[in-house]
Amino acid sequence: MGKIKPFFEQVYAVIRLIPKGKVTSYGRIANMLDAPRGSRAVGYALRALKYKRNDPDYEGIPWQRVVNVQGEISLPGIGKQMQVELLEEDGVKFSSKGRIDLKQYLWEGMLPHEIKPLIGIEEENDGGQR
DNA sequence: TGGGTGACATGAT
DNA sequence: AATCATGCCACCC
């Protein structure tokens with residue numbers, strides 16, 4: 001039946017949909033996955049990529065396109081600089097305060113029912129009856 | 001094997 | 001405006 005991928009997998013699948021030159025927030029990704037309080041879990045998924053960097057299944061995930069709802073980089077330390085660099089390569093500009101103007105660069109995303117087929121999740125209702 | 005551990009967002013104080 | 005608690009989930013040791 002509705003083949004459910006683990007949540008982290010769903011997160012990665014959504015991130016792959018973020019267009020180059022755009023960003024989205026942890027919270028928006030959570031909302032797209034029907035997990036309105038799951039923003040933190042989205043962050044956990046991103047952190048977990050560190051353990052998967054040798055796994056070909058997880059290559060090419062544009063993780064840099066996820067920022068917090070303020071348009072700021074959440075990733076601490078050296079990784080932050082790397083994220084800024086990658087975003088600049090994407091064509092995203094930072095303000096003098098190190099912020100991204102979400103009015104300009106935000107990827108609005110999709111509704112949960114729109115995004116599920118794209119990330120390999122079937123709707124659980126079979127046939128629309130209820 | 002089971003906790004502890006994090007790239008967050010929100011509402012209440 | 002700044003702090004605080006809480007919800008959320010897979011993975012490593």
| task | Whole angstrom is fine here: how far is it from CG in L102(A) over to C1' in dC8(B)? | result | 14 Å
| request: Before accepting this row, confirm whether a basic side-chain N of the pair D34(A)/K116(A) lies closer than 4.0 Å to the acidic partner's carboxylate O. | output: yes
| request: Check whether any side-chain N or O of N68(A) sits under 3.5 Å from a backbone N or O of Q70(A) as a donor-acceptor pair, and report yes or no. | output: yes
| request: Have a look at K52(A) and say if it touches a base, only the backbone sugar-phosphate, or nothing, with a 4.0 Å heavy-atom cut-off. | output: sugar-phosphate
| Using a cut-off of 4.0 Å on non-hydrogen atoms, how would the nucleic acid contact of Y44(A) be classed: base, sugar-phosphate, or nothing? | base
| message | Quick test of your reading of the model: are R28(A) and E108(A) salt-bridged, counting only N-O distances below 4.0 Å? | response | yes
| remark: Footprint ends on DNA chain C, 5' to 3', for atoms under 4.0 angstrom from a heavy atom of chain A, come out as dG7(C) to dC12(C)
| query | Does any residue of residues 16-42 of chain A have a heavy atom under 4.0 Å from DNA chain C, and if so, which ones, in number order? | reply | R37(A), S39(A), R40(A), A41(A)
| query | Does a donor on one side chain and an acceptor on the other come within less than 3.5 Å for R40(A) and Y44(A)? | reply | yes
| note | When every non-hydrogen atom of W63(A) is compared with those of L75(A), the smallest separation belongs to CZ3-CD2, 3.8 Å
| Could you state the interatomic distance from CG (L33(A)) to NZ (K5(A)), rounded to the nearest 0.5 Å? | 10.5 Å
| remark: Rounding to 0.5 Å, atoms CE (M82(A)) and CD1 (I73(A)) come to a distance of 12.5 Å
| remark: When rounded to the nearest 0.5 Å, the distance separating CD of Q64(A) from CD1 of I61(A) is 11.0 Å
